[in-house]
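Worksheet: one structure, shown below.
Labels below follow one simple rule: chain letters A, B, ... track the order of the sequence lines, proteins then strands, and each chain is numbered from 1.
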Amino acid sequence: MDLQGQIIQYLATGLTLGSIYAMVGLGFTIIYNATGIINLAQGEFVMFGGLIMVFFTTTLGLPLFLSFFITLALTTGIGMLYERLFIHHPSKTAPLMTLLIITVAVSIFFRGIAMFIWGKEPYSLPHFSSPEPIIIGGAAILPQVFWILGLSLLAVILMNIFFNRTITGKAMSACAVNRVAASLVGIDVSKMVLLSFALSATLGALAGASITPIALMEYDRGPMLALKGFCAAVLGGLGFGTGAVVAGFLLGLIESFTTGFISSAFKEATALIILILVLFIKPSGIFGSAEVGKIKKI
Amino acid sequence: MGKNNYLKLLVMAAIIAVVPLIVSGDYHLSILVFMGINCMVVVGLSLLMGYAGQISLGHAAFFGIGAYSTGILTTQFGLSIYAAFLCGILFSSLVAVIIGIPALRLQGHYLAIATLGIGEIIYIIFNEMVGLTGGPSGLSNIPAFHVGGYPFSHSIQYYYLVWGALLVILWFSLNLIHSRVGRALKAMHGSEVAAGAMGINLSAYKIQIFVLSAIYASIAGSIYAHFVSFIAPNNFAFMNSIMFLMMGVVGGLHNIWGAVMGASLMTFLPEYLRVFKEFDILIYGAILLAILLFMPEGFLEGIPMLYRKYFKRGEA
Amino acid sequence: MTTNPFILDAECLHKAFGGLMAISDLSFKVREGEIKSVIGPNGAGKTTLFNLITGVHPASSGKIHFQGKPINGLKPHVIARLGISRTFQTVELFSQMTVLENVMVGCHPRSRAGLFSSGFRLPHMRKEEKWIRDQSFEILKLGSLLGRADLPAGSLPLGEQKTLEVLRALATGPKLILLDEPAAGLNEVETQKMADLLYSIRDSGVTILLVEHDMSLVMKVSDEILVINYGEKIAEGPPAQIQNDQKVIEAYLGGEALLCLN
Amino acid sequence: MNHKKLSKISLITAFTLFFCLSLTGPAMAQGPIKIGFVASITGGASWLGQPEKDTALMVQEWINKEGGIKGVPVQIIIEDSKSDASQAVLATKKLIDGDKVVAIIGSSTSGESMAMASICEAAKIPMISMAAALQIVTPADEYKRIAGTIESPRVQRPWIFKTPQTDTSAVEAIYAHMKKKGITKVGIVTVSDGFGSAGRNELKRMAPKYNINLVADEVYGPKDADMTAQLTKIRTSGAQAVINWSIGPTQVIVTKNWKSLAMGMPLYQSHGFGNKKNIELAGGSAEGVIAPLGRLIGWEKLPKIHPQYKVLSRYATEYEKRTKSDVSTFGGHGYDGLYLAIDSIKAVGPDRTKVRDFLENDIKNWPGTGGVFNMSATDHTGLDLSAFEMIQVVKGDWAFAK
């Protein structure tokens with residue numbers, strides 16, 4: 001394999017990983033903006049996305065695309081239920097630290113539920129289209145990679161349109177800037193928070209359903225994904241959606257190219273060191289503004 | 001420190017002395033040893049987060065530095081346990097200073113992610129420095145703690161060691177809270193601008209308290225290593241930092257006693273839930289959620305509050 | 001040094017936030033032992049001026065000398081230790097701490113015990129702690145807040161919170177104290193009490209730099225007044241002179257302000 | 001105010017009392033013979049612990065249906081280590097102390113087993129691990145001595161045994177197969193957990209013995225989603241074959257990545273690959289994968305006179321009937337451990353020291369699911385290369401590799 005082929009291969013791998021991180025990171029950002037909460041159960045949305053999809057395609061034998069949409073809907077429902085049961089009430093009084101720990105407790109609880117339904121083994125899904133790799137410039141790339149990339153880009157674009165072009169989206173952005181002011185101008189903040197969890201869960205489900213064919217899924221995959229997504233969200237400038245997406249892709253690429261050209265032993269360390277250097281040099285992340293992180297004190 | 005706290009320390013010392021008369025057996029005492037170890041780390045976190053208002057999502061790394069320092073120095077360099085202990089403390093202080101100086105300039109979530117990232121890097125180092133740490137397979141055969149050549153062979157000895165050390169740590173911490181330094185920390189937590197205007201050197205105090213909490217974690221880690229005799233990087237990963245944090249939040253980080261209660265409860269609970277076999281993860285999660293939802297300020301504040309709310313409505 | 005009658009000397013201060021000039025070419029001096037007031041319409045740059053002096057924001061250019069020594073660029077806590085203390089426009093008490101503790105925090109620059117000696121309660125720390133406590137009670141007496149010593153600061157009514165903030169600033173043992181609207185939101189009786197407190201502070205030899213909107217209070221207590229608008233000095237002098245200054249009257253356009261000035 | 005403080009103190013006291021009371025268990029009465037069983041039933045290694053636990057339940061049922069050990073019923077006390085060394089330690093202490101078991105089987109991973117081993121050594125209780133690392137049964141000094149050489153250990157930790165074939169044997173089986181095929185340049189990719197790093201260690205240690213040159217040495221995390229980058233690097237390193245050393249979902253992901261890259265070199269997996277589920281999950285990608293596996297995999301193809309046949313057929317059929325899932329080597333490790341303990345107790349009675357002596361000296365030609373065990377004072381695993389068959393995935397099923 002020549003250098004060009006290698007680079008294309010690493011690029012494809014990096015973008016695949018990156019799109020997962022990007023979607024989880026974007027999910028973090030949406031909830032953070034609406035509530036100031038870092039939702040550490042974000043990875044569990046991905047896990048549910050993958051496993052619910054497995055249930056409908058493999059166990060019930062429904063057609064792929066039908067079960068895909070059912071999966072999105074169900075996971076969104078889980079996200080909304082989560083918000084109403086565990087966030088809605090305490091978010092009015094509890095300190096942010098407690099809310100953070102509540103999300104950890106929820107993630108433990110979700111893992112428990114998933115373990116009961118699906119057990120501990122990993123599951124796989126059929127590829128959305130052909131499982132045969134396509135050869136591009138000497139590199140072999142699975143069609144599923146294009147699905148993942150396409151779906152994540154579509155999601156990002158839709159989110160952008162939603163936040164910038166629709167009234168509801170703008171109302172949500174307003175909540176992000178100032179909750180009190182938003183409620184004063186008649187925005188139903190509580191509904192916006194609910195919506196943020198719904199959207200975030202949908203994104204998670206999308207990521208989960210699309211990666212399971214190549215990465216498998218099991219009940220305790222969540223925390224790792226949450227960690228990576230959190231990094232992406234901060235690196236991109238907490239509270240800045242597009243930043244999180246770009247940073248997510250960046251993280252994926254860093255990991256993949258470090259593996260290729262330095263050492264796979266340090267792929268995570270390289271990503272983390274870059275993250276920390278960015279924080280030390282420009283605490284607001286690569287794309288963020290200085291104020292966002294400061295406003296919401298823990 | 002007020003009389004009240006001396007009283008509490010005395011009561012605690014009495015309880016510590018009496019407990020082995022009631023509780024016996026290696027297993028039960030081991031739970032108590034782990035409990036004490038966790039308490040140490042969480043008391044440090046309480047000082048750092050509850051009092052000084054600085055967040056750390058990477059404290060398991062300091063726990064690990066303590067454990068690995070004693071582990072490596074005793075098994076591979078034949079250092080005496082006490083020297084290794086001291087080196088652990090020095091080393092974790094050093095690391096805390098090096099990362100504290102740039103990190104503690106950050107605020108809120110940025111500090112959170114920075115500490116998390118550094119914690120993960122240290123975890124990766126544990127994993128990759130196979131020659132020293134044994135890598136993911138871990139480091140085994142760490143010698144038992146000993147006093148004057150008599151090795152600790154039973155949990156009861158560790159029990160007294162851990163809880164004795166914890167008493168000293170609590171005494172030190174309570175003294176600190178009720179002193180000029182403690183007031184400065186609380187002031188900083190209340191308002192950084194006002195604290196600065198009162199002549200409080202914010203960055204110096206942040207670093208001092210960060211180092212102190214790292215030292216507590218390191219001592220706990222060293223004892224852990226000698227007690228279990230085996231350590232692997234897994235015990236010092238991100239989720240463990242979160243677990244320490246969770247213990248603190250459950251008990252109430254704003255009060256040292258809350259930290260002690262939280263750590264005790266969260267160490268004890270999983271053992272108690274063993275009877276539920278595999279359901280324990282669900283029940284554990286549910287109990288945790290219930291505590292957090294109904295007592296957002298933690299156990300210590302929450303129980304009396306709930307009590308007043310539901311049983312003494314008339315008096316309120 | 002003792003021949004220098006000015007405790008604070010600001011020269012050509014500039015401060016810009018982004019493109020916005022908050023303070024521009026401002027020079028003034030504060031005589032030791034006097035009460036000097038800084039007045040001006042909202043947004044004139046008074047609080048910014050305080051933030052420059054206390055080091056919360058660095059000045060874009062210019063010099064500030066305190067007791068003859070330059071203090072620009074120093075950290076807030078260093079400046080506080082040199083003897084400049086302040087209160088805040090929006091009350092910045094440590095609301096979770098008790099009234100007594102707030103004042104005890106104020107004693108910070110005048111005490112030394114560190115982490116080690118505090119944790120082990122070494123003898124000198126205990127002696128110091130007793131001194132801090134006695135000192136704090138003395139200061140609370142000054143503002144007649146002794147009865148409130150054990151209450152959380154956040155639970156006090158606004159008037160007492162304002163007083164407490166002044167006491168806390170006083171506890172640092174300052175030579176110059178900057179008070180940012182200490183009488184805002186106070187009723188007449190409370191304002192009178194505040195005025196008395198200011199006098200007693202001045203009489204104890206502490207210089208006061210006062211920002212205040214209550215003109216009757218300003219005119220009554222000030223030895224000298226500095227008027228700024230849009231970050232620039234428009235007048236400086238004793239109250240009688242300021243009251244008749246044409247520029248000042250123009251700056252305070254509305255009749256309401258005129259009434260206050262008279 | 002004072003009242004509040006008082007109630008806090010009483011709260012703390014009540015709390016402590018509650019702890020103490022709940023920690024004092026009832027005294028043990030004369031009863032069944034107790035065997036402790038610690039497995040990673042939940043947590044990161046749970047998919048090892050689950051089949052092990054199912055096996056333990058099954059074995060308990062069997063043995064008691066047969067009338068127990070000389071008429072005394074057997075109780076297998078199962079504890080969850082939650083894939084965490086500290087929890088494994090607590091579980092072990094609970095078994096030794098509270099339940100007073102005769103022997104302990106466990107735990108699923110090497111790390112946990114290492115932590116448990118020193119407790120069992122101190123308490124003088126026989127422990128049979130279900131994890132593979134040679135380090136578990138070898139004293140630290142001895143392990144240090146043989147590190148970097150191709151020697152075998154000369155002494156073993158007296159109270160510690162293990163049932164899975166040692167990594168060393170698995171590595172040697174693979175290397176022997178490679179030598180036969182003329183492969184000399186190999187790229188390895190290992191997971192960065194206890195299993196993977198122990199394997200990596202052995203892969204490096206044994207390579208010179210078979211004239212194998214490791215041209216690439218890559219690692220990945222246990223929860224990583226894609227190893228294409230690592231494999232791409234191996235592909236460019238000039239390797240003739242790639243060896244993956246992991247358990248869990250990653251071994252399937254590597255298989256899928258290997259297939260999609262069309263690497264043009266064979267993929268060898270570790271002995272942890274022995275579960276049909278892996279072939280299923282890989283969805284066709286596993287075709288051609290070679291792994292050294294115990295005879296539990298593909299036992300139907302063994303001749304009936306094979307010493308292991310009876311054991312294997314009984315265990316495999318019963319397990320599959322009971323759990324409705326494919327038999328895995330991990331459950332087999334649990335089965336071997338339990339029956340080693342049971343047979344020893346049958347022979348010498350529930351005496352810890354006698355059981356240990358029996359395990360070390362009298363387990364000869366003992367057929368288990370992992371192989372035919374021959375324990376000795378210098379070998380507490382009792383299995384060698386011959387425990388393995390090189391198995392290849394052909395048409396979605398196991399077949400003996402050529």
Side-chain angles (χ1 to χ4, degrees), chain A residues 1-3 5-6 8-10 12-14 16-17 20-21 43 111-112 115 119-127 131-135 139-142 144-145 211-225 227-228 252 255-261 263-268, chain D residues 40-51 53 83 189-190 192 200 216-238 248-253 255-264 275 277-278 280-285 323 325-326 328:
Chain A
M1 195 186 236
D2 59 358
L3 190 65
Q6 281 178 53
I8 295 175
Q9 194 74 64
Y10 294 136
T13 308
T16 314
L17 292 172
I20 303 165
Y21 302 161
R111 260 176 280 155
M115 193 181 88
K120 295 147 195 167
E121 318 88 68
Y123 289 88
S124 186
L125 271 178
H127 290 238
E132 288 309 314
I134 302 167
I135 308 294
I141 298 168
L142 284 171
Q144 187 68 23
V145 169
I211 62 164
T212 305
I214 56 171
L216 311 186
M217 190 55 67
E218 68 280 345
Y219 80 103
D220 64 346
R221 187 70 73 88
M224 187 66 195
L225 290 168
L227 191 64
K228 293 280 173 67
E255 284 191 7
S256 148
F257 277 93
T258 311
T259 304
F261 296 109
S263 163
S264 48
F266 291 103
K267 66 179 163 64
E268 251 122 41
Chain D
S40 317
I41 302 170
T42 56
S46 57
W47 81 311
L48 302 179
Q50 188 63 42
K53 182 196 130 195
S83 310
V189 53
T190 54
S192 60
R200 183 182 175 199
D217 173 14
E218 298 298 321
V219 295
Y220 52 83
K223 287 282 160 206
D224 280 7
D226 190 289
M227 292 72 171
T228 313
Q230 284 88 337
L231 292 177
T232 305
K233 203 175 174 195
I234 289 177
R235 186 183 189 176
T236 56
S237 68
T250 46
Q251 58 187 347
V252 179
I253 301 175
T255 311
K256 287 183 163 214
N257 294 157
W258 165 74
K259 173 74 195 250
S260 74
L261 280 175
M263 290 180 69
N275 188 333
K277 187 101 203 226
N278 288 326
E280 244 169 68
L281 285 172
S285 302
T323 63
S325 56
D326 290 316
S328 80

Measure distances from D:S260 to the heavy atoms of chain A and classify the residue's part below 4.5 Å as side chain, backbone, both or neither.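 For D:S260, heavy atoms of backbone and side chain both lie under 4.5 Å from chain A.
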Can you tell me which portion of D:K223 sits under 4.5 Å from chain A's heavy atoms? Options are side chain, backbone, both or neither.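 For D:K223, the contact with chain A is made by backbone and side chain together.
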Nearest-0.5 Å distance that lies between atom [atom1] in [X] and atom [atom2] in [Y]:
{"X": "D:Q230", "Y": "A:S263", "atom1": "CD", "atom2": "OG", "result": "9.0 Å"}
{"X": "A:L3", "Y": "D:T236", "atom1": "CG", "atom2": "OG1", "result": "9.5 Å"}
{"X": "D:N278", "Y": "A:E121", "atom1": "CG", "atom2": "CD", "result": "11.0 Å"}
{"X": "A:L142", "Y": "D:D226", "atom1": "CG", "atom2": "CG", "result": "8.5 Å"}
{"X": "A:L17", "Y": "D:T228", "atom1": "CG", "atom2": "OG1", "result": "8.0 Å"}

Taking all non-hydrogen atoms of both residues into account, name the closest pair between [X] and [Y] and its distance.
{"X": "A:K120", "Y": "D:I41", "result": "NZ-O, 2.5 Å"}
{"X": "D:K233", "Y": "A:T259", "result": "CD-O, 3.2 Å"}
{"X": "A:K267", "Y": "D:G221", "result": "NZ-N, 4.3 Å"}

Among all residues two or more places apart in sequence or in another chain, which pass the side-chain hydrogen bond (donor to acceptor under 3.5 Å, both in side chains) test with D:S285?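 Listed in chain order: nothing, the list is empty.
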Within-4.5 Å side-chain heavy-atom neighbours: [X] and [Y]:
{"X": "D:K256", "Y": "A:L216", "result": "yes"}
{"X": "A:E255", "Y": "D:D224", "result": "no"}
{"X": "D:S46", "Y": "A:M115", "result": "no"}
{"X": "A:P122", "Y": "D:V252", "result": "no"}

Specify which of A:H127, A:R221, A:M224, A:R111 makes the most heavy-atom pairs with chain D at under 4.5 Å.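 Most pairs with chain D among the choices: A:R221.
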Can you tell which part of A:P131 gets under 4.5 Å to a heavy atom of chain D, answering side chain, backbone, both or neither?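 For A:P131, neither part sits under 4.5 Å from chain D.
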Excluding sequence neighbours, so at least two apart, what forms ring pair (Phe, Tyr, Trp, His ring centres under 6.0 Å) with A:Y219?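 Scan of A:Y219 (ring pair (Phe, Tyr, Trp, His ring centres under 6.0 Å), adjacent residues dropped) gives none.
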When you measure from the centre of the six-membered ring of A:Y123, is the NZ or CZ of D:K277 under 6.0 Å away and within 45° of the axis?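 Ring-cation test returns yes.
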Quick one: of D:P249, D:G248, D:A282, D:G49, who has the most non-hydrogen atom pairs under 4.5 Å with chain A?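 If we count pairs closer than 4.5 Å to chain A, D:P249 comes out on top.
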